There are 2 protein chains.
Amino acid sequence: MEFKGAEAPRYRDGAQSIHRTAALLREIAAARGGGASLSKLSAATGLVPSTVHRMLQALVDEELLAKDPATRTYRAGPLLYELGLAAAPRLDLRKICAPVLQRIAEATGDSVYLTVRSGDDALTLDRREGSFPIKALPQEIGNRRPLGVGAGALAVLAALPAPEGEALVIANAARYGRYRLTAERVGTELAAARERGHTVSTGRFVARYRGVAVPFGGLETPAASLCVIAISERLKPERIERVAELLHREVAAIGTLLADQAPPEPTGHW
Amino acid sequence: MEFKGAEAPRYRDGAQSIHRTAALLREIAAARGGGASLSKLSAATGLVPSTVHRMLQALVDEELLAKDPATRTYRAGPLLYELGLAAAPRLDLRKICAPVLQRIAEATGDSVYLTVRSGDDALTLDRREGSFPIKALPQEIGNRRPLGVGAGALAVLAALPAPEGEALVIANAARYGRYRLTAERVGTELAAARERGHTVSTGRFVARYRGVAVPFGGLETPAASLCVIAISERLKPERIERVAELLHREVAAIGTLLADQAPPEPTGHW
DNA sequence: CCCTTAAATTCCATTATGTGGAAACATGAA
DNA sequence: TTCATGTTTCCACATAATGGAATTTAAGGG
């Protein structure tokens, strides 16, 4: 058995299949909207199509994934939902931030995103739609992308201590190409974001939308960000500033909410 | 490689590892409270301990599971939660039933459970606590057990067409031993439940609690049940009848809610 | 405390299992 | 139609997963 793709086997023992399976699952959670095709998954994981096909079939058999026969795309399946129920987080950031998202959506009329770090990825943890008729919904709840891709995911990086953030940019270097980015570029943006206190999306990947995000957490609590996204015309420079200020105020509010909540439980994840 | 346990390889191709992994994950979701130990998982899956150990380690590496170092038990990990987010169900039974559970909890003062079918298992989809100080909380959200074990899971069976229900009892025959049950016994209880319209737990597995459940769904919508659980003293025969009537009324209410909702989407799961 | 038992973990020779190349088969575009 | 792209099946091969045995660690019991 040879390796086709770039990633050398990062882990030790006889568990290649489990690591490959996990990589596939994460990759499927990265797919927007419709789901992921076999060839996309093959390219993204560096596994040959026949292997991916066989694995996907087994995962569908187990209902970990579901296959749309019309489009031949794969998406997260019922068993994943059910297993997720059993993994209720200790610190339910989604619940805690729900009223905050609501408030921002009402105040701005635009879409609001809560993004957190998960390993090398940014994860869309929650979303609220604003009242403005043209919805900017580039991300679904549960979607993943490399840290640094887009305003929300860049702000998550900015929530981390600088050395850690930069290390993650390096770690993700190989993945940025798919988003028309480079590690250098992300590094520069990250530094700029630290200066400014907020991020603005470059519109490099999704042209018609623009986003503003403010980081929070990163030490006791997970690195995260609040992000407002709208069509570009609705986010001209002067409004960006106003939205950023609003987000900063709400981040402060979350800070006090978290201080109340978080009894430093030794066990486990957020 | 030989097979130690009872189950012969149910699936075809070169995907043993994926099926074993899925079995492990399901088994961990079956564990109450603290989590599952390696030996329990080994026994439950029929895999030798060294194999289970290696797989669990890999799953923990991937954060699909988390290990409590103190008790050396395994439970669902953060990545499962995150992947579950991406698998939002089309028909969100949990959301739809939320107000119903709330109402029942307030009316009875006892714990209320929403249980659904997932393959050969019953799955605790949601729970609400009543005001009575002694809480009957034998199940956590996300917990699994074989269909037929306990009032709620027996009522789920009763929601299915009789032949299908009986077939599932046969399919689960080998698993009932762990719950001090037999397929015959479950079959009898199931028949009785169909007569009566509701189930009452025998208290065979959890002695100090008693439960009453009423089935619903099973055709267009997934087989499910509403269940009220309390300490045995609070569920004497005459109160059981009154609670069962209340549950029947609420089941009817769900029926109309579902009729409004469910646009028969061809794709996928509930 | 020490002794016994059970469970968890590591090790490693063996081979069943997963692999990936190649070829067949679909699908959709021009 | 033909061509190009993506999906699926097939199968000989060698790697990766396996499980028995040995070792280590923890949990009781007296």
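Fair warning: this is a prediction, and the values are worked out from it, not measured in the lab. Throughout, protein chains are lettered first and strands after them, A, B, ... in sequence-line order, and every chain is numbered starting at 1.
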Length of the CG-C1' vector between L38(A) and dA26(C), whole Å
13 Å

Presence of S37(A) side-chain N/O under 4.0 Å of dG6(D) phosphate oxygens OP1/OP2
no

Considering only heavy side-chain atoms of V48(A), the closest of dG19(D), dG20(C), dA7(C) is dG20(C)

So does E82(B) pair up with R26(A), basic N to acidic O under 4.0 Å?
no

Classify the nucleic acid contact of K40(A) as base, sugar-phosphate or nothing, counting any heavy atom under 4.0 Å across all strands shown.
nothing

Would you kindly give the NE2-to-P distance between H19(A) and dA16(D), to the nearest whole Å?
12 Å

Length of the line joining D68(A):CG and dT27(C):P, which is rounded to integer Å:
14 Å

Quick one: pull up CG in D121(A) and CD in E27(A) and give me the separation to the nearest 0.5 Å.
8.0 Å

Decide if atom NZ of K135(A) counts as having more than 12 heavy atoms of other residues, nucleotides or ligands within a radius under 6.0 Å.
yes

Considering just the side-chain nitrogens and oxygens of K67(B), establish if one lies under 4.0 Å of OP1 or OP2 belonging to dA8(C).
no

Checking the side chain of R75(B) only, and the main-chain atoms of A87(A) only, is there a donor and an acceptor separated by less than 3.5 Å?
no

Where the side chain of R20(A) is concerned, which of dG20(C), dT18(D), dG20(D) is the nearest nucleotide?
dG20(C)

Let me know, please, whether S17(B) or R72(B) comes out on the 5' side of the other along DNA chain D by nearest nucleotide.
S17(B)

Expressed as a whole number of angstroms, how long is the span from L56(B):CG to dT18(D):C1'?
15 Å

Using a heavy-atom cut-off of 4.0 Å across all strands, would you classify T51(A) as base, sugar-phosphate, or nothing?
base

In this structure, how many angstroms lie between the P atom of dT18(D) and the CD atom of Q57(B), rounded?
14 Å

Here the distance between atom C1' of dT5(D) and atom CG of L41(A), to the nearest Å, is 16 Å

L47(A) CG to dT8(D) P, in whole Å, measures 16 Å

Look at Q16(A) and dT17(C) and indicate whether a side-chain polar atom (N or O) is within less than 4.0 Å of OP1 or OP2.
no

Is there a side-chain contact between R54(A) and the phosphate of dT8(D), meaning an N or O under 4.0 Å from OP1 or OP2?
no

Do E164(A) and R117(A) meet the salt-bridge criterion of a basic N to acidic O distance under 4.0 Å?
yes

So, is S50(A) near the phosphate of dA22(C), with a side-chain N or O under 4.0 Å from OP1 or OP2?
no

Send over the distance from H53(A) NE2 to dT19(C) P, rounded to a whole Å.
14 Å

